[in-house]
Amino acid sequence: MEKTIAINAGSSTLKFKLFEMPEEKVISSGTVDRIGIPGSNFTIKTTDGKKVEIDQPIKNHEEAVNLLLKELLKLDIIKDYSEITGVGHRVVAGGEIFQDSALIDDKVLKQIEDLKEYAPLHNPANATGIRAFKKVLPDITSVAVFDTSFHETLPEKNYLYSIPYEYYEKYGARKYGAHGTSHQYVAGRAAKMMGKPLEELKIITLHLGAGSSITAIKDGKSFDTSMGFTPLAGITMATRSGDIDASLVVYLMQKLNITNPEDILTILNKKSGLLGLSGMSPDLRDIIDAAEKGEHRAQMAIDIFVNNIVKYIGSYATEMGGLDGIVFTAGIGENSVPMREKITSKLGIFNVKLDQALNEKRGERFISAEDSAVQVMVIPTDEELAIARDVEKFKKMGD
Ligand code: AMP
């Protein structure tokens with residue numbers, strides 16, 4: 001049986017899902033955590049759903065890949081490495097170069113590395129994951145799937161910033177968006193659920209997780225999206241600020257005596273958002289608990305998060321000239337009953353009506369009431385499956 005592995009490499013993590021293809025059956029998944037940091041560990045799910053945890057030092061991504069492959073054999077998930085015939089890597093920034101997924105060769109790998117300024121937290125880690133796999137399994141079909149590709153269809157009016165045009169021409173200073181694989185996947189599912197071609201629908205997809213982004217999908221294409229030049233822009237996130245006035249960056253650098261621009265970016269990427277506002281946690285579950293106990297800053301963080309989201313929904317519905325469906329996905333979107341309730345309760349102007357009982361269920365489903373003017377859905381995202389499907393396309397081309 002042919003297998004394809006989908007890889008999502010972060011700066012200190014490497015997540016994977018192994019699929020039997022073309023059946024799309026998940027046969028294993030897992031995460032290597034704290035790569036290069038004391039306390040490294042590896043969790044892997046076996047074919048019968050058992051979780052195996054291994055605590056051992058894992059110095060770098062190459063060691064992580066080696067450990068992962070070794071355990072696949074040891075746990076009898078695969079009999080031989082030759083069963084894995086394809087690997088798909090999530091890459092956050094593809095700039096204007098990658099309108100679609102790409103077969104990875106040396107040139108593509110260099111281009112991914114050269115795009116590091118577009119996603120400083122992500123692209124270097126994605127490239128490290130690619131190199132590590134190339135070293136261990138050099139001959140399999142290796143594909144890069146870009147978070148930005150789905151947003152290549154943004155119209156000029158939605159991707160250009162109001163800065164001198166030559167900066168776009170010379171330096172690629174524009175909006176690229178992110179989470180494209182997720183937005184595209186859930187929008188496709190939504191159209192199936194709604195029983196209409198995606199091209200005939202106006203949909204807003206809310207990818208609400210540690211990183212959050214919102215996309216307006218019109219004529220089957222990404223029409224506007226909340227992340228910007230990098231994934232720092234848009235709505236308040238777990239630790240990212242989302243949109244702020246650019247002058248504030250300079251002002252704070254002066255006030256905090258920051259001379260290295262990387263330092264202010266670290267504050268905006270890692271110490272802001274829900275964490276910065278609440279002062280307690282980046283995790284919305286902790287913040288909701290604290291708010292219930294009367295913690296003002298926790299309540300304020302929630303209110304700002306919700307308000308950011310509904311502002312985007314309002315403007316995207318206006319831009320598209322209508323709204324047929326709203327999709328909740330990712331960690332918060334899929335799991336938080338109270339957040340979905342709070343967000344939809346602010347959408348009365350669109351005659352959105354929530355069905356409380358459906359909201360409390362789990363899995364892919366409608367959560368809007370029969371008489372809601374806009375259909376609201378929860379659709380668990382599956383970026384790994386979308387990645388594995390793209391790898392299959394390239395495998396077929398090579399046949
Ligand atoms: P993701 O980035 O999609 O993996 O989502 C991870 C985020 O989802 C974490 O930051 C959690 O705070 C959040 N999350 C997961 N489950 C819940 C829940 N039941 N309520 C609120 N937030 C949640």
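We use all heavy atoms of the structure for the numbers below, so side chains are in, but hydrogens, waters and symmetry mates are not. Just follow the structure's listing: the first ligand is 1, and inside any ligand the first atom is 1. Since the model is a prediction, treat every value here as computed from it, not as a measurement.
Nearest approach of Y118 to T230, heavy atoms of both residues: O-CG2, 3.2 Å. The two residues L103 and V108 come nearest to each other via the heavy atoms O-CG2, 3.5 Å. When all heavy atoms are compared, the tightest approach of I84 to I140 is O-CG2, 3.1 Å. Closest non-hydrogen pair, F328 versus G333, comes out as CB-O, 3.4 Å.
Ligand-side atoms of ligand 1 in range of L284: 12 (O), 21 (C), 22 (N), range being under 4.0 angstrom from any heavy atom. Atoms of ligand 1 lying under 4.0 Å from at least one heavy atom of A330, given by number and element, are 3 (O). Interface atoms of ligand 1 facing I332, defined by a heavy-atom separation under 4.0 Å, are 8 (O), 13 (C), 22 (N). The distance from ligand 1 to the heavy atoms of G209 drops below 4.0 Å at these ligand atoms: 1 (P), 2 (O), 3 (O), 5 (O), 7 (C).
Of the listed residues (D286, D283, N335), the one carrying the non-hydrogen atom nearest atom 12 (O) of ligand 1 is D283. When the heavy atoms of M237, H179, R285 are ranked by distance to atom 23 (C) of ligand 1, first place goes to R285.
Within 4.0 Å of atom 4 (O) of ligand 1, not a single protein heavy atom is present.
Considering backbone and side-chain atoms together, G331 places an N or O closer than 3.5 Å to an N or O of ligand 1.
Each of V249, L252, I267 was compared with I258 under the side chain to side chain contact (heavy atoms under 4.5 Å, CB included) criterion, and only I267 meets it.
When non-hydrogen atoms are compared, ligand 1 lies under 4.0 Å from the backbone of A210 as well as from its side chain.
Between E156 and R174 no salt bridge is recorded (no basic side-chain N to carboxylate O distance below 4.0 Å).
By the criterion of side-chain heavy atoms lying less than 4.5 angstrom apart, applied directly or through intervening Ile, Leu, Val, Met, Phe, Trp or Tyr residues, Y159 is not grouped with F223; the two fall into different hydrophobic clusters.
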